Structures are given as structure tokens and as C-alpha cells.
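Written below as C-alpha cells is the structure these notes are about.
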Protein chains: 2
Amino acid sequence: MPSPTKKSVPAIDEVDTSYLETLIGYNARRAALTVISQFVEHMAVYGLNPVEFSVMSVVVHNPGVTSRQLCAALNILPPNLVGLVQLLENRRLIERKPHPHDGRAVGLHPTQIGEALMAKAEVTARELEIHTCSKLTPNQIQTLVTLLQKIYL
Amino acid sequence: MPSPTKKSVPAIDEVDTSYLETLIGYNARRAALTVISQFVEHMAVYGLNPVEFSVMSVVVHNPGVTSRQLCAALNILPPNLVGLVQLLENRRLIERKPHPHDGRAVGLHPTQIGEALMAKAEVTARELEIHTCSKLTPNQIQTLVTLLQKIYL
DNA sequence: TATTGTTATACTCTATAACTATA
DNA sequence: TATAGTTATAGAGTATAACAATA
């Protein structure tokens with residue numbers, strides 16, 4: 001008489017993901033998705049998703065930056081930036097001005113509204129770090145940032 | 001007479017992304033994209049993208065796992081897993097068998113072909129870690145994994 | 001000839017609602 | 001009534017090719 005636990009096709013009680021959890025790629029992706037979903041949630045009050053936030057941030061810290069420079073800095077493809085810039089311009093967060101010495105290029109500048117919005121948004125982003133990394137000490141957060149940059153920079 | 005550098009609308013020589021580089025979310029996303037693009041490149045020989053690799057890995061290490069369990073473990077929505085499972089089944093990498101004591105569920109099992117493929121793919125994935133993290137010591141890789149898990153687990 | 005910005009478009013990934021079969 | 005698997009579909013994100021204007 002077979003014991004009750006003997007089955008030719010057993011069921012899985014708890015899924016073992018220990019192998020995947022040893023891989024950098026798996027952990028980086030899972031962590032990034034967690035951080036980003038919290039970012040989306042808390043930045044909704046400013047009407048900014050992560051990409052819009054980073055574009056605005058680069059424009060505020062680099063007034064006059066061109067689309068090409070933005071694309072290179074943020075790893076965005078030029079066709080995908082066009083609609084983004086138009087959206088931010090329509091919201092009066094940025095302005096497009098002629099480039100000082102390249103007739104092909106256009107400089108992107110923050111408006112007063114854009115600067116005011118980002119001043120608040122960047123404070124929120126900083127507070128969000130603490131919340132997202134609540135299980136990490138400030139020292140560990142700094143270590144994490146340093147190690148991540150060694151991968152992509 | 002104005003100096004040549006005096007411009008009302010100056011150009012940006014080099015884009016300053018130092019603010020964004022202090023944010024966990026920005027770094028996690030950029031690092032994840034770098035790691036994943038290398039993974040895609042090196043796993044193409046097996047015909048597996050990152051999601052297919054993780055599904056296959058969980059099935060191999062948890063024979064009989066159900067779709068629901070897979071979804072919960074890998075953070076995939078059930079409708080998006082359906083096509084994935086069909087694809088892997090068509091490639092004879094997994095098999096669907098009746099669940100031992102739940103008529104609604106279906107157990108996913110690796111075939112011999114699937115197990116053989118994943119044995120090789122997991123070796124490649126391990127080698128890829130070393131390549132992707134060439135600027136990190138084994139100790140730093142371990143630290144990075146631990147810190148990332150504190151965020152999403 | 002090369003580059004900036006742009007349009008059009010396709011492909012992938014992700015998300016939601018609703019259905020069926022079973023518990 | 002709740003859950004597993006599925007279908008259909010919508011939306012977001014990402015990709016390539018090609019064009020006009022300027023360098």
C-alpha cells in the first residue's frame with residue numbers, strides 16, 4: 001500500500017527560485033521594477049513618469065541641452081523623444097529655443113513652472129529613496145549605487 | 001565688446017547627469033538594462049530571452065509547478081504567461097500534465113530536451129555574470145545581490 | 001557626406017476585462 | 001463564491017527606415 005505522499009506526478013508546495021536569485025540580471029530587474037513602481041506611484045501627483053522625470057531633471061540641470069544630447073545621456077532613441085518633448089512643451093514645463101551656433105539643433109530650456117515643479121519633485125524623489133530602501137542603511141545605499149554604476153558606466 | 005564665451009543662450013558641452021546618478025531607481029534601471037542586453041545577446045544561441053530563461057529555470061527546478069505559481073514567483077500576469085507556455089511546449093522544452101489533486105490546474109514539467117538545454121544555458125548564464133561584472137570582485141557581486149534582494153524581497 | 005530633428009510604423013511588453021471549468 | 005487557465009484586446013515602451021534642413 002503506497003504512502004499518501006508517494007505520487008508519480010507530485011505537486012509543488014512552494015516554488016524554489018533560489019537559482020535565479022543568484023543571478024545579477026534577475027535581481028537587478030526585480031529590484032528595478034520594485035523601485036520604479038514605487039516611483040510611479042509617488043510621482044503621479046506631479047504628472048511625471050520616470051522617463052519624463054529624468055528628461056525634466058536633465059533639462060533643469062543642463063538648460064539649453066539638445067535632443068541628441070538628451071538621447072545619448074539617457075539612452076533614449078531620438079524618435080521616442082519627440083513626443084516626450086512635445087508633451088512637456090505643451091505642459092509649459094520646457095521651452096525650445098534656437099541653438100546658439102547650430103541651425104539644425106534646438107536647445108531645451110526649463111520654464112519657471114518646470115523649475116518649480118522639479119524642485120518639488122526632486123525633494124519627493126529623495127524622500128522616496130529612504131522609503132524604498134528602508135531595509136538598507138545610508139552606507140549600504142551608497143554602496144549599492146556605486147556597485148550598480150560599475151555595471152553600466 | 002562681448003567676449004566670445006558670453007552668450008545669452010549658451011550651449012551645453014557635456015551633459016551633467018550627476019543628480020540622476022544619485023538615485024537608486026535610475027541606477028537600478030540603467031544597470032538592469034545593461035545586464036539584460038548582454039543576457040539577450042549571449043542567450044540567443046539557445047533561443048531564450050530573459051523571461052523564457054527564467055520560466056524554464058523555474059520549471060526545471062520545480063517540475064510540476066502550475067502557471068499560477070509561476071506567475072506569482074516571477075511577477076508575470078497570467079494572460080501574459082499563456083503564450084509563453086505554448087511557445088515552450090511547441091518547442092518540446094516543457095510538457096503539461098494533469099495536476100495530481102486539482103482538476104483546474106495543470107502541472108508544467110521539463111522534457112529531456114528542456115533539461116539538457118537549460119543545463120547548458122545555466123552554465124552560460126553563470127559565465128555571463130563574470131563578464132558583465134568584470135569591474136566587480138566576487139565579493140562585490142555577492143554584496144550587490146544581497147543589497148538588491150533587500151529591495152524587492 | 002554627416003548630423004539634427006522628425007514622421008511613420010512595427011514590434012514587444014504589459015495591463016484589464018471577461019469567459020469556462022473546477023474547487 | 002472563489003480560483004486556474006484562457007481569450008481578446010488595449011496601452012505603453014522600444015525598435016528601424018527614411019526624409020528635410022543644416023553642418
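Sequence lines set the chain letters: A, B, ... in the order given, protein chains first and strands last, and positions in each chain run from 1. It should be emphasised that the depicted structure is a prediction, and the values quoted were computed from it without experimental measurement. Worth knowing before you read on, the calculation uses all heavy atoms, side chains too, and leaves out hydrogens, waters and symmetry mates.
Map N75(B) and G107(A) each onto its nearest nucleotide of DNA chain C; the residue landing nearer the 5' end is G107(A). Take the nearest nucleotide of DNA chain D for L33(B) and for Q86(B): the residue whose nucleotide is more 5' is Q86(B).
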Run the numbers on T137(B) and N139(B) for side chain to side chain donor-acceptor pair (under 3.5 Å), then give the verdict. CA-CA 5 Å; T137(B) 68; N139(B) 236 324; 5.7 Å; no
May I have the step-by-step check of side chain to side chain contact (heavy atoms under 4.5 Å, CB included) for Q69(A) and I12(B), ending in yes or no? CA-CA 9 Å; Q69(A) 289 175 319; I12(B) 297 290; 3.9 Å; yes
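Listed pair R68(A) / dA23(D) fails the phosphate criterion, with no side-chain N or O lying under 4.0 Å from OP1 or OP2. Listed pair Q69(B) / dT3(D) fails the phosphate criterion, with no side-chain N or O lying under 4.0 Å from OP1 or OP2.
Between F39(A) and F53(A), the ring centre distance stays below 6.0 Å.
The side chain of A105(B) lies closest to dA4(D) when the candidates are dA4(D), dT7(D), dG5(C). Proximity note for R96(A) (side chain, C-beta onward) versus dG5(C), dT14(C), dT6(D): the nearest is dG5(C).
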Per-nucleotide protein contact string for nucleotides 16-23 of chain C, where B marks a base within reach and S marks sugar-phosphate only (heavy atoms under 4.0 Å, - for neither): BB----BS
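Taking all atoms of both residues into account, the shortest heavy-atom contact from Y46(B) to R91(B) is O-NH2, 3.0 Å.
Note on M56(B): it clusters hydrophobically with I113(B), by side-chain heavy-atom contacts below 4.5 Å among ILVMFWY residues.
Relative orientation of the Y26(A) and Y152(B) rings is perpendicular, given thresholds of 30° and 60° on the angle between their planes.
V106(A) comes within 4.0 angstrom of the backbone, heavy atoms only, and of no base.
Rounded to whole angstrom, the span from the CZ atom of F53(A) across to the P atom of dG13(D) amounts to 16 Å. Atom pair L81(B):CG and dC13(C):P shows a separation of 13 Å (rounding to whole Å applied). Going from atom CG of L84(A) over to atom P of dG5(C) covers 14 Å, rounded to whole Å.
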